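Worksheet: the structure to be examined is printed underneath.
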Amino acid sequence: MKEKIKKLFGGIDLNWKKLIIFAIVAGVYTGIMAMLPIAKNTSFADIAISFEVWILFGILIIMNSKSAKDSALKCFVFFLISQPLVYLTQDIINHSKLFLTYYRFWIIWTICTIPMGFIGYFMKKDRWWGLAILTPILIFLGIHYSGFLGETLYYFPYHLLSALFCIVTLLLYPICIFNDKKVKITGIIISLLIIITMTFITFANNTTYNTTLLVSDSETGKIFDDTYKVYLEDDKLGRVYIEYNESLEAYTVNAEFKRAGITNLVMEDSNGNKTIYEIDVKRNTYNITKTNEE
């Protein structure tokens, strides 16, 4: 297994035919994952909106190229083919216009793959400057890891695979790219420091979803003020509170959710009468339904 993984980083005869097929498959697959309802908000759809898998693709192309020029050209052609296909696949199936709307923003990234592919090739020289080239990529990948970990903590197990993918590749790159023992060990230490730091930062700054759940309104029959008490039966999801909203000129029930899930929101007046709502909290939305009054 170790030898097979190592072979991916420099042991493949990556000719132009293989590269073009690789680009077509990657682009079409990504477009399909972006459309599948079952993949929505999961790790399988992350390839359509973030860089971690594309970083791997780029590094594999660089490590299997024969020269700096070859690396630059192959990276450029790969992304020139794959990225438009992500949008065109969706446009053909859904009759949308994503290519015209979004690809113009990604063409800049595609052009940037030329110097990145050229410079990245020098990681193969197995010297300290190769690690200096790789380190910004590791930091960028660490930022992705932090984002996915935050999403996983909020909406477990969503994006767990993406978080694990980032950890694995952070360690895999210095191990597989470098043969010099000192450079390899230093690279692993840098990756471990990035993982530990980003984990600490993520836990210290939990992902939250802030929203207004209810507005006091006599027309809808939802009347309350700051004399009422409001709470969640499962306070692990976060907290709710009542405050006066100046712009709405009404009292509102606001929420700071730390996790997704289903629980009851209880509103209690000064006489102990309770109104109960079932609330289903998701990533950036929620469903709230009045169940009964006590």
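By convention here, the first residue in the shown sequence is residue 1. These numbers come from the heavy atoms of this one structure, side chains and all, not from hydrogens, waters or symmetry mates. Predicted, not measured: the structure shown is a model, and the values here were computed from it.
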Practice prompt. Return the minimal non-hydrogen interatomic distance between Thr285 and Tyr209, and the atom names on each side.
Written response: CA-OH, 3.3 Å
Worksheet entry | Non-hydrogen atoms of Leu149 and Thr199 that approach each other most closely | CD2-CA, 4.0 Å
Worksheet item: Can you name the closest pair of heavy atoms from Met123 and Phe178 and give their distance?
Response: O-CE2, 3.7 Å
Would you give me the side-chain donor-acceptor pairs under 3.5 Å for residues 156-167, sequence neighbours excluded?
from: His159; atom 1: ND1; to: Asp46; atom 2: OD1; distance (Å): 3.2
from: His159; atom 1: ND1; to: Asp46; atom 2: OD2; distance (Å): 2.9
from: His159; atom 1: NE2; to: Asn41; atom 2: O; distance (Å): 3.1
from: Ser162; atom 1: OG; to: Ser43; atom 2: OG; distance (Å): 3.3
from: Ser162; atom 1: OG; to: Asp46; atom 2: OD2; distance (Å): 2.5

Fill in: Nearest atoms (heavy-atom pairs only) where Tyr145 meets Ile195
CE2-O, 3.7 Å
Discussion item. Using a 6.0 Å cut-off, check whether atom NZ of Lys40 has over 12 heavy atoms from anything other than its own residue.
Written reply: no
Item to complete: Please indicate whether Phe140 has more than 12 foreign heavy atoms, meaning atoms of other residues, nucleotides or ligands, lying under 6.0 Å from its CZ.
Response: yes
Discussion item. Test your reading of the model: is there a side-chain donor-acceptor pair from Gln90 to the backbone of Val86, 3.5 Å cut-off?
Written reply: yes
Worksheet item: Who passes salt bridge (charged side-chain N to carboxylate O under 4.0 Å, His left out) against Glu233, sequence neighbours left out?
Response: none
Worksheet entry | Ser216 versus Ile223, closest heavy-atom pair with distance | OG-CA, 3.5 Å
Discussion item. Count I, L, V, M, F, W, Y as connected when their side-chain heavy atoms are under 4.5 Å apart, and connections chain through other members. Are Ile137 and Val168 then in the same cluster?
Written reply: no
Practice prompt. Evaluate whether atom NZ of Lys258 has more than 12 neighbouring non-hydrogen atoms of other residues, nucleotides or ligands under 6.0 angstrom away.
Written response: no
Worksheet entry | N/O donor-acceptor pair under 3.5 Å between Tyr154 side chain and Lys282 backbone | yes
Worksheet item: When you measure from the side chain of Thr42 to the backbone N and O of Ile38, does any donor-acceptor pair fall under 3.5 Å?
Response: no
Discussion item. Is it the case that the side chain of Asp280 and the backbone of Asn287 share a donor-acceptor pair, with hydrogens and angles ignored and the cut-off at 3.5 Å?
Written reply: no
Discussion item. Checking the side chain of Ser191 only, and the main-chain atoms of Leu170 only, is there a donor and an acceptor separated by less than 3.5 Å?
Written reply: yes
Item to complete: State, to 0.1 Å, how close Asn245 and Ser247 come at their nearest heavy-atom pair, and which atoms those are.
Response: OD1-OG, 2.5 Å
Fill in: Side-chain donor or acceptor of Thr227 paired with backbone N/O of Ser270 under 3.5 Å
no
Discussion item. If we ignore hydrogens and angles and just use 3.5 Å, is the side chain of Asn64 paired with the main-chain N or O of Leu8 as donor and acceptor?
Written reply: yes
Worksheet item: So, the side chain of Tyr286 versus the backbone of Ala260: is there a donor-acceptor pair under 3.5 Å, distance only?
Response: no
Worksheet item: Can you tell me if Lys124 uses its side chain to pair, donor with acceptor, with the backbone of Ser65 under 3.5 Å?
Response: yes
Item to complete: Over 60° means perpendicular and under 30° means parallel, so classify the ring planes of Phe9 and Tyr173, tilted if in between.
Response: perpendicular
Discussion item. Tell me whether the count of non-hydrogen atoms from other residues, nucleotides or ligands lying under 6.0 Å of CZ in Phe44 goes above 12.
Written reply: no
Discussion item. Consider ring pair (Phe, Tyr, Trp, His ring centres under 6.0 Å). Of Phe79, Phe51, Phe76, which one does Trp109 pass it with?
Written reply: Phe51
Discussion item. Counting neighbours of CZ on Arg283 that are heavy atoms of other residues, nucleotides or ligands and sit closer than 6.0 Å, is the number greater than 12?
Written reply: yes
